[in-house]
Amino acid sequence: MSILLTEADGLTTVQDLGRPGLAHLGVPRAGALDAPAAALANRIVGNPPTAAVIETTMVGMRFTSLTPHWFAVTGARCEVIVDGRREAHGEPFFAGAGAQVVMGRALEGVRSCLAVAGGFDVEPVLGSRSTDTLSWTGPPRLSAGDEVPCGTPSGAPRGVETPLPSPSGPLRLWPGPRADWFATGAFEELCAAEWVVGADSNRIGLRLSGPAPVRTVTGELASEGMVAGAVQVPPSGELVVFLADHPATGGYPVLAVLDPRDLHRCAQVRPGEQVRFSPAREA
């Protein structure tokens, strides 16, 4: 049981929940960048949340289903076509043996998730099937010609799934551990400004340009542990919001930390789009 990729020009990887708890070894967590989208795709096809999905970036992919399977596509909205027949985004669809499946270019957002009933059964590394793009731990990135094995289904596809509406508005921030390295009011100015997503954003970090926060402590910072969502301020003043493949340590001060509830939203903002922040509050 498997699929054969016939076109995969963007960054295309297998992702699951990642490999938490290994930062002390320098191993990033990795995992699906839009975790709610991956969880939804798995639920639709009857998988447990631990099943691996394929994450595509912007341009989508094409594949041949070598054996009959139920699939679902979630995350960035795109056309889904099976042997010329249009299928709904966010609903289960069946592809028989030899069927040609197209996941089109993202119409909005950046990353789409493809789930198959039974999950994608690539060899796990350190307990996870996720590809980490910082150290390239885990299975290699996928490309045309790759055959990806599928597992045995453990549940029935769901005919109806009602996803939660996409959250909107500013991303919520907490003051970071090095906020005192910046001028008084820097956190508030961070939240008041507009930030533009850089073209070099990736699974490691979301890069944002805007008014550079003013540092009052200019000395070197010894490398210290980093968490997903840390908003690091390098000397250039460009913000880096660390995402799933972030390094375990970093040597630039962290002015703020993104609320974990909003981390997945960073997976779907496009280069050139504007991002705003607001102070987080306890739920």
Side-chain angles (χ1 to χ4, degrees), residues 1-19 27-35 37-38 41-42 45 47 51-84 87 89 93 95 97-107 109-126 128-151 199-205 243-246 267-268 270-271:
M1 299 190 293
S2 59
I3 66 170
L4 175 65
L5 269 62
T6 54
E7 188 175 316
D9 294 333
L11 178 63
T12 306
T13 58
V14 175
Q15 299 291 340
D16 57 15
L17 299 181
R19 45 184 72 83
V27 178
R29 175 172 182 143
L33 222 54
D34 188 343
N42 275 325
V45 296
N47 288 343
V53 303
I54 290 179
E55 181 182 281
T56 67
T57 308
M58 292 295 288
V59 298
M61 68 175 190
R62 296 170 181 257
F63 65 90
T64 301
S65 182
L66 298 179
T67 41
H69 295 286
W70 282 96
F71 296 95
V73 175
T74 61
R77 190 163 295 280
C78 64
E79 284 192 333
V80 181
I81 299 173
V82 180
D83 283 342
E87 298 286 353
H89 183 273
F93 64 89
Q100 308 296 309
V101 182
V102 178
M103 289 175 60
R105 180 178 292 273
L107 302 174
V110 176
R111 294 173 175 89
S112 302
C113 294
L114 171 71
V116 62
F120 290 102
D121 194 22
V122 299
E123 190 68 24
V125 177
L126 296 176
S128 169
R129 294 182 168 88
S130 290
T131 300
D132 158 46
T133 62
L134 180 66
S135 61
W136 293 105
T137 302
R141 66 179 291 179
L142 299 175
S143 58
D146 286 341
E147 187 172 329
V148 187
C150 305
D200 52 351
S201 298
N202 52 29
R203 285 184 47 87
I204 297 169
L243 303 180
D245 294 357
H246 71 87
Q268 304 295 3
R270 295 184 166 200

Pairwise side-chain contact, [X] with [Y], heavy-atom cut-off 4.5 Å (strictly under):
X    : Y    : result
V73  : C78  : yes
V122 : P149 : yes
V125 : R19  : yes
I54  : F63  : no

Let me see the working for C150 and I3 under side chain to side chain contact (heavy atoms under 4.5 Å, CB included), right down to the final yes or no. CA-CA 7 Å; C150 305; I3 66 170; 4.1 Å; yes

Could you pull out the closest heavy-atom pair between [X] and [Y], with the gap in Å?
X    : Y    : value
A41  : A72  : O-CB, 4.0 Å
A38  : V53  : CB-CG2, 4.1 Å
V110 : A106 : O-CB, 4.2 Å
T131 : Q15  : O-NE2, 2.9 Å
E123 : P139 : O-CD, 4.5 Å
N47  : G119 : ND2-N, 3.6 Å

Quick one: pull up [atom1] in [X] and [atom2] in [Y] and give me the separation to the nearest 0.5 Å.
X    : Y    : atom1 : atom2 : answer
T6   : D146 : OG1   : CG    : 11.5 Å
H89  : M103 : NE2   : CE    : 7.5 Å
R141 : S143 : CZ    : OG    : 7.5 Å
D9   : M58  : CG    : CE    : 13.0 Å
R62  : T56  : CZ    : OG1   : 13.0 Å

Pairing residues for [X] by the salt bridge (Lys or Arg N to Asp or Glu O under 4.0 Å) criterion, not counting sequence neighbours:
X    : result
R29  : none
R203 : E55, D245
D121 : R129

Closer than 3.5 angstrom, by distance alone: can the side chain of [X] be matched with the main-chain N or O of [Y] as a donor-acceptor pair?
X    : Y    : result
Q268 : R111 : yes
N42  : V45  : no
S128 : L126 : no
Q100 : G98  : yes

Would you please test V116 and W70 for side chain to side chain contact (heavy atoms under 4.5 Å, CB included) and show each step? CA-CA 6 Å; V116 62; W70 282 96; over 6 Å; no

Per side chain to side chain contact (heavy atoms under 4.5 Å, CB included), I204 is matched among L134, D132, L243 by L134

Go through it in stages, so that I can follow the logic: the residues are E79 and V102, the test is side chain to side chain contact (heavy atoms under 4.5 Å, CB included), and I'd like the CA-CA distance, side-chain angles, deciding distance and then a yes or no. CA-CA 8 Å; E79 284 192 333; V102 178; over 6 Å; no

Go through it in stages, so that I can follow the logic: the residues are M61 and L114, the test is side chain to side chain contact (heavy atoms under 4.5 Å, CB included), and I'd like the CA-CA distance, side-chain angles, deciding distance and then a yes or no. CA-CA 10 Å; M61 68 175 190; L114 171 71; 3.4 Å; yes

